[in-house]
There are 2 protein chains.
Amino acid sequence: MVTVDLAIFSVVDDSLAVLLVQRPDSPGEPYPGSWALPGGFIDVARDADLVACARRKLREKTGVVSPYLEQLGSWGNRRRDPRGWSVTHAYFALLSSDAIQLQAGANAAAVRWAAIGDDSTRIGERLAFDHADILAAAVERLRNKVEYTSLPAFLLPVEFTLTELQRAYEIVMGRPVEKSAFRTRIDSAGVVERLSRTRATGSRPAQLYRLKDRTNPVYFPRTFSPRS
Amino acid sequence: MVTVDLAIFSVVDDSLAVLLVQRPDSPGEPYPGSWALPGGFIDVARDADLVACARRKLREKTGVVSPYLEQLGSWGNRRRDPRGWSVTHAYFALLSSDAIQLQAGANAAAVRWAAIGDDSTRIGERLAFDHADILAAAVERLRNKVEYTSLPAFLLPVEFTLTELQRAYEIVMGRPVEKSAFRTRIDSAGVVERLSRTRATGSRPAQLYRLKDRTNPVYFPRTFSPRS
DNA sequence: AGAATAGTGTCTTTAAGACAATATGGC
DNA sequence: GCCATATTGTCTTAAAGACACTATTCT
């Protein structure tokens, strides 16, 4: 029993959110009606490899084709699924919420975004299987990497302002970021390239930028604020 | 077909080395006689979970019970094993070479250490399956984490001098480290605790230290030398 | 005493934190 | 011109790099 599960993150209503699907009520299915991370069995006929499987499930749920996708780890033991020893390969994805077309699939009664609390990695509800553990690991990985990478940029649409990028960092980190230091950091690391257009904001318009590389994150030489 | 494979690192003859085992020659076995990372099928009767499986295999090969062990990732596709779609869960382990009792097992004709080149992640030989990819990923992970963690300390025996610790860093990083900055870094992060004994060196004896925490690595606030 | 390695001090450099000042477009 | 937000500048601070100096034990 080998599956792939996804922690799909986006910024919804100015906070970090993860996509959850509801387990089917069919008899024989474990955790009927519970919320869970999207995922499912590998289709050895269709999926060339694990990443292909993850991409397929992401596409089926969100319609998004090329998000930031990173392997998170694997969870396997004899307790996590009542049907016996099972293993899942977890991935986490970052995408812009405006690119998403939510789709309830055959195996998922409903789909929704669940906000991640600023203070904790806990979601309000009990998730199916060990998905709470997987989600906690995904949030932890994301929160760690935010400190020294450009990951939050993948939560934004293709074109964005530096203020929006800074806001994405603040949402993921759960704390304010100093504007001037932030801009030097982004600039000297060569994360973005300036576009010719600006975005109207009601006051002084903001310069638009886009990522130089939509595929790989940039690693900064230091973390944001050194852990004590 | 689900397996667990291990990249077991140690310092041997003053260079970073990984443990390889030779594949059996039995008919029906893929890659007969090739060198490979130690590993094998999960035993659902004996292994409570993936880590337990990794620990068991590590113990069987080296006799080491409690090394530093970290999940590396999983590799799965329909090409990596000629017998069909297969998945492996890779772990990497760090241990002191003086704690090791090498043991050729039932499923491994021979065992040996292979040095990792300073300049590349390549091992001289062709490894079985996709183990060259897995090893490359393990070396990359290790080389990345060395820059901001105390991982090299797990390559040393329980008691060590700061010079030995510095040498372990240099071996993994493949470049010299500045002594004074290194010591301030280790000291201010509270990585080690001073023992009362010293080690004779032929000249001024060196103070002995041990890790404050033999289980978890310490994360430094900055990398060693910022990537350009 | 001299050799050799252990351990410390000083100065420079890099990039972040704090905070203030300036710039610009809409109204 | 006024307001609000964008953008830039200045000063301070933390920790690494470079390199020199001191300390201690053995021969």
Side-chain angles (χ1 to χ4, degrees), chain A residues 14 146-150 152 156 159-170 173-210 218-228, chain B residues 14 144-150 152 156 159-170 173-210 218-228:
Chain A
D14 210 44
V146 162
E147 300 288 340
Y148 58 93
T149 69
S150 62
L156 299 178
E159 303 188 353
F160 52 83
T161 69
L162 289 184
T163 305
E164 291 165 352
L165 181 58
Q166 180 179 341
R167 185 67 197 134
Y169 271 89
E170 292 174 333
M173 299 199 303
R175 68 169 189 269
V177 164
E178 208 288 316
K179 192 167 35 168
S180 173
F182 177 77
R183 283 161 183 253
T184 352
R185 187 179 168 96
I186 296 295
D187 186 50
S188 64
V191 177
V192 297
E193 61 188 9
R194 195 189 180 102
L195 300 176
S196 51
R197 275 168 313 112
T198 57
R199 167 166 302 164
T201 66
S203 64
R204 175 173 176 175
Q207 183 64 47
L208 279 172
Y209 294 84
R210 72 171 169 215
V218 172
Y219 288 77
F220 299 113
R222 302 191 193 169
T223 56
F224 256 98
S225 70
R227 309 149 225 239
S228 53
Chain B
D14 211 43
N144 279 335
K145 285 192 124 178
V146 162
E147 300 289 341
Y148 59 93
T149 68
S150 62
L156 299 177
E159 302 188 354
F160 51 85
T161 68
L162 289 185
T163 304
E164 290 165 354
L165 181 57
Q166 180 179 343
R167 185 67 197 134
Y169 271 89
E170 292 174 333
M173 299 198 303
R175 68 171 189 271
V177 163
E178 208 286 318
K179 187 167 44 165
S180 173
F182 177 77
R183 282 161 184 251
T184 333
R185 189 179 166 93
I186 296 295
D187 186 50
S188 65
V191 177
V192 297
E193 60 188 10
R194 194 190 181 102
L195 301 177
S196 50
R197 276 169 311 114
T198 58
R199 167 167 301 166
T201 66
S203 64
R204 176 174 174 175
Q207 182 64 47
L208 280 171
Y209 295 85
R210 70 172 170 213
V218 172
Y219 288 78
F220 299 113
R222 303 190 192 169
T223 57
F224 256 97
S225 70
R227 309 148 224 237
S228 55

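Computation of the quantities below employed the complete heavy-atom set of this structure, encompassing side-chain atoms and omitting hydrogens, waters and symmetry-equivalent molecules. Computed from a predicted model, the values in this text were never measured in an experiment. Convention: sequence-line order gives letters A, B, ...; per-chain numbering from 1.
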Distance from Glu170(A) atom CD to Asp14(A) atom CG, nearest 0.5 Å?
9.5 Å
Whole angstrom is fine here: how far is it from CZ in Arg167(A) over to P in dA6(D)?
12 Å
Between P on dT14(C) and CZ on Phe224(B), what's the gap in Å once rounded to a whole number?
19 Å
Nearest whole angstrom, please: distance from the P of dG17(D) to the CZ of Arg222(B).
10 Å
What one-letter contact string describes nucleotides 1-10 of chain C from 5' to 3', where B marks a base within less than 4.0 Å of any protein heavy atom, S marks contact via sugar-phosphate atoms alone, and - marks no contact?
---BBBBBB-
Return the value, rounded to whole Å, for the distance between atom CG of Asp187(B) and atom C1' of dA14(D).
15 Å
Nearest 0.5 Å, please: how far is CD in Gln166(A) from OH in Tyr169(A)?
10.5 Å
Distance check needed: dA6(D) P versus Phe182(A) CZ, whole Å only.
12 Å
Measure from CG on Leu165(A) to P on dT7(D) and round the result to the nearest Å.
12 Å
Are OP1 or OP2 of dA15(D) and a side-chain N or O of Arg185(B) less than 4.0 angstrom apart?
no
Whole angstrom is fine here: how far is it from CZ in Arg197(A) over to C1' in dG25(C)?
18 Å
Counting only heavy atoms not in Arg210(A), do more than 12 fall under 6.0 Å of its CZ?
no
Mind calculating the distance between CD (Gln166(B)) and P (dA16(D)) to the nearest angstrom?
13 Å
What ring pair (Phe, Tyr, Trp, His ring centres under 6.0 Å) pairs are there with at least one residue in residues 187-208 of chain B, not counting sequence neighbours?
none
Quick one: is the NZ or CZ of Arg185(B) closer than 6.0 Å to the six-membered ring centre of Phe224(B), and within 45° of its axis?
yes
Hey, is CZ on Arg167(B) packed in by over 12 heavy atoms from elsewhere, all under 6.0 Å?
yes
